[in-house]
A.B. asks: 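This is the structure I want to talk about, given as structure tokens.
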Amino acid sequence: MEQTRILILYTGGTIGMGPKDPSKLNSPLIPQSWEQLQFYMPSIHPEGYFSKIKNIEFEYSAFDELLDSSQFDISHWAKMAEVIQHHYDNFDGFIIIHGTDTMAYTAAGLSFMFENLSKPVVLTGSQLPISHSRTDAISNFSNAIHIAGAKAFSLPVINEVVICFNDRLFRGNRCTKASTNDFHGFISPNYLPLAELEESIRIKSHRVLPLPNGQFNVNYSLNPNVIVLTLFPGFQVKNLQKLIQDDEIEGLIIKTYGSGNAPASESFLSALRQAKSQGTTILFTSQCLDGGVTLGKYEASDVFLPIGVISGGDMTSEAALAKMMWVLGQNGSEKEKEKMLQTSLRGEIS
Ligand code: ASP
């Protein structure tokens with residue numbers, strides 16, 4: 001059997017965590033070494049099933065400092081992208097072991113940074129540490145190996161950044177973390193799974209992005225001067241005005257009600273007009289997980305169209321945020337960027 005090569009990048013997360021002080025009950029969990037994690041996954045050892053029977057060669061890379069993913073910022077996305085770019089030509093697929101808290105943000109960020117991706121980049125982690133007797137880590141990890149090493153299992157190659165979790169494979173930029181404790185930790189509310197990994201693995205090839213023609217490239221340009229604001233009854237417009245005054249915000253994402261509705265008060269409208277006149281891109285997303293924004297459906301959203309507010313459609317908050325950072329980091333006119341935000345670049349919006 002032909003050899004398949006998989007690179008595993010370990011960044012931290014619950015999957016490899018253990019108690020900070022093992023002698024104390026309820027000691028906080030912190031990430032442990034790669035060796036510890038590997039110990040509990042005998043199938044990836046050189047004498048294990050994947051190497052011996054499936055002729056998969058694994059290589060490992062780990063962050064110098066393994067972290068809870070709540071500590072990540074966009075510099076960590078760049079680090080992950082660098083590792084993949086460096087090894088891209090020498091591997092068939094990539095697995096990123098990652099905490100669940102910000103996994104959907106990383107998946108979305110990487111999906112935009114990777115241009116012409118033709119290999120699988122699979123993010124996985126778990127709700128329980130791999131050392132736990134009822135862990136979900138082993139099946140998540142094994143499933144990720146099947147997707148990243150598709151060739152060894154005669155499966156179609158998925159050329160996307162994906163999240164593999166609890167027997168489902170999701171497009172990464174369509175996901176959101178939905179549970180802190182259920183093994184079904186992620187949902188993809190507006191896009192069906194790319195695969196179901198049950199007794200057999202059923203890849204839904206028609207849902208996978210077409211293979212790109214161009215050369216793989218990592219586009220690292222991200223503009224972090226963006227902010228996400230959630231509306232709520234009683235929201236004080238003066239706080240938005242303060243934010244706008246410092247003139248540094250280049251992208252403003254507002255999580256509106258329902259299909260893009262928001263208070264039509266003159267103070268709110270004029271705050272948005274001011275932000276627009278300062279060159280801020282304003283994108284409306286929905287607080288609802290399922291469905292999205294249709295500006296103009298109700299009068300309560302129609303009033304925002306003349307201001308130049310644009311619609312985030314059915315994008316998740318994570319995808320909208322990562323996309324805003326990436327689009328604002330690119331060259332182009334304001335109009336071109338607004339068009340990009342509303343157009344599917346990596347299958348993130350319908
Ligand atoms: N706090 C952890 C993290 O995101 C949670 C997890 O991995 O499930 O790193």
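What you see is a predicted model, and the numbers here were worked out from it, not measured in a lab. Every number for a ligand or one of its atoms is a count from 1 in the order of the listing.
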A.B. asks: Centroid-to-centroid, F114 to F216, below 6.0 Å?
C.D. replies: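 Yes, they do, as the ring centres are separated by less than 6.0 Å.
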
A.B. asks: Pull out every atom of ligand 1 sitting under 4.0 Å from any heavy atom of S126, numbered as shown with elements.
C.D. replies: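 Within the 4.0 Å cut-off of S126, ligand 1 contributes 8 (O).
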
A.B. asks: If you measure every N/O of H98 against every N/O of ligand 1, is any gap under 3.5 Å?
C.D. replies: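 No - when backbone and side-chain N and O of H98 are compared with those of ligand 1, no distance drops under 3.5 Å.
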
A.B. asks: With the side chain counted from C-beta on, respond yes when L328 and L222 share a heavy-atom pair under 4.5 Å apart, and no when they do not.
C.D. replies: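 No; the side chains remain at least 4.5 Å from each other.
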
A.B. asks: Can a donor-acceptor pair be found, under 3.5 Å and without considering hydrogens, that links the side chain of S126 to the backbone of P129?
C.D. replies: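 No; zero donor-acceptor contacts below 3.5 Å.
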
A.B. asks: Out of I97, L128, T14, whose heavy atom is nearest to atom 5 (C) of ligand 1?
C.D. replies: T14

A.B. asks: Please list, in number order, the atoms of ligand 1 under 4.0 Å from a heavy atom of G13.
C.D. replies: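 Near G13, the atoms of ligand 1 are 7 (O), 9 (O).
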
A.B. asks: Can G185 be said to touch ligand 1, with heavy atoms closer than 4.0 Å?
C.D. replies: no

A.B. asks: Less than 4.5 Å apart, any side-chain heavy atom of K119 and any of V157?
C.D. replies: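 With C-beta onward as the side chain, the pair stays apart.
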
A.B. asks: Taking T102's backbone N and O only, do any of them form a donor-acceptor pair with S69's side chain (distance below 3.5 Å, no angle check)?
C.D. replies: yes

A.B. asks: Please say whether T102 places an N or O atom under 3.5 Å from an N or O atom belonging to ligand 1.
C.D. replies: no

A.B. asks: List every atom of ligand 1 that sits less than 4.0 Å from any heavy atom of S69, numbering the atoms from 1 in the order shown and giving each element.
C.D. replies: 3 (C), 4 (O), 9 (O)

A.B. asks: Looking only at distance, does T100 have an N or O less than 3.5 Å from an N or O of ligand 1?
C.D. replies: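 Yes, there is a polar N/O contact under 3.5 Å.
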
A.B. asks: Is a donor on one side and an acceptor on the other found under 3.5 Å between the side chain of Q342 and the backbone of M340?
C.D. replies: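 Judged by distance alone, no pair lies under 3.5 Å.
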
